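What follows is a short report on a single structure.
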Amino acid sequence: MIFLVVAVLVLAVLLGSAAYLPLPVTVLAAVAIAAWLAVFAVRERRRHGSRTGRA
């Protein structure tokens with residue numbers, strides 16, 4: 001859960017500084033954060049999927 005909080009915090013900082021960063025840097029950072037969140041979501045679904053009876 002702490003990783004998700006950190007990812008959202010980093011995303012907020014990058015969105016705030018997006019006006020000052022070149023577009024390719026902003027896009028690269030956004031893709032990296034999106035990939036991190038996707039990996040987190042997949043891991044959480046796998047871990048909690050068997051407990052809910054679905055999976």
Side-chain angles (χ1 to χ4, degrees):
M1 183 67 178
I2 190 71
F3 295 116
L4 182 61
V5 172
V6 171
V8 171
L9 180 63
V10 169
L11 179 61
V13 168
L14 287 175
L15 284 175
S17 64
Y20 304 103
L21 294 174
L23 183 61
V25 174
T26 304
V27 170
L28 182 64
V31 168
I33 291 170
W36 182 15
L37 289 172
V39 168
F40 177 80
V42 168
R43 289 179 58 197
E44 286 297 308
R45 280 196 175 265
R46 284 187 183 164
R47 190 169 69 174
H48 295 296
S50 60
R51 292 186 200 166
T52 61
R54 293 179 273 160

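Computed from a prediction, not measured in an experiment: that's the story for all the values here. Nothing fancy with the numbering, it's 1 onward along the sequence.
Leu4 and Val39 are members of different hydrophobic clusters when ILVMFWY side chains are connected at heavy-atom separations under 4.5 Å. When the side chains of ILVMFWY residues are joined at heavy-atom separations under 4.5 Å, either directly or via intervening members, Val10 and Leu21 end up in a single hydrophobic cluster. No continuous path of hydrophobic side-chain contacts links Leu9 to Ile2 [ILVMFWY only; heavy atoms under 4.5 Å].
Counting non-hydrogen atoms of neighbouring residues, nucleotides and ligands closer than 6.0 angstrom, the CZ atom of Phe3 reaches no more than 12 such neighbours.
Under the side chain to side chain contact (heavy atoms under 4.5 Å, CB included) criterion, Pro22 pairs with Pro24, Val25, not counting sequence neighbours. Legend: residues meeting side chain to side chain contact (heavy atoms under 4.5 Å, CB included) with Ala30, ordered by chain and number and at least two apart, are absent. Residues satisfying the side chain to side chain contact (heavy atoms under 4.5 Å, CB included) test with Val13, not counting sequence neighbours, are none.
Residues Ala7 and Ile33 come closest through the heavy atom pair O-CG2, 4.2 Å.
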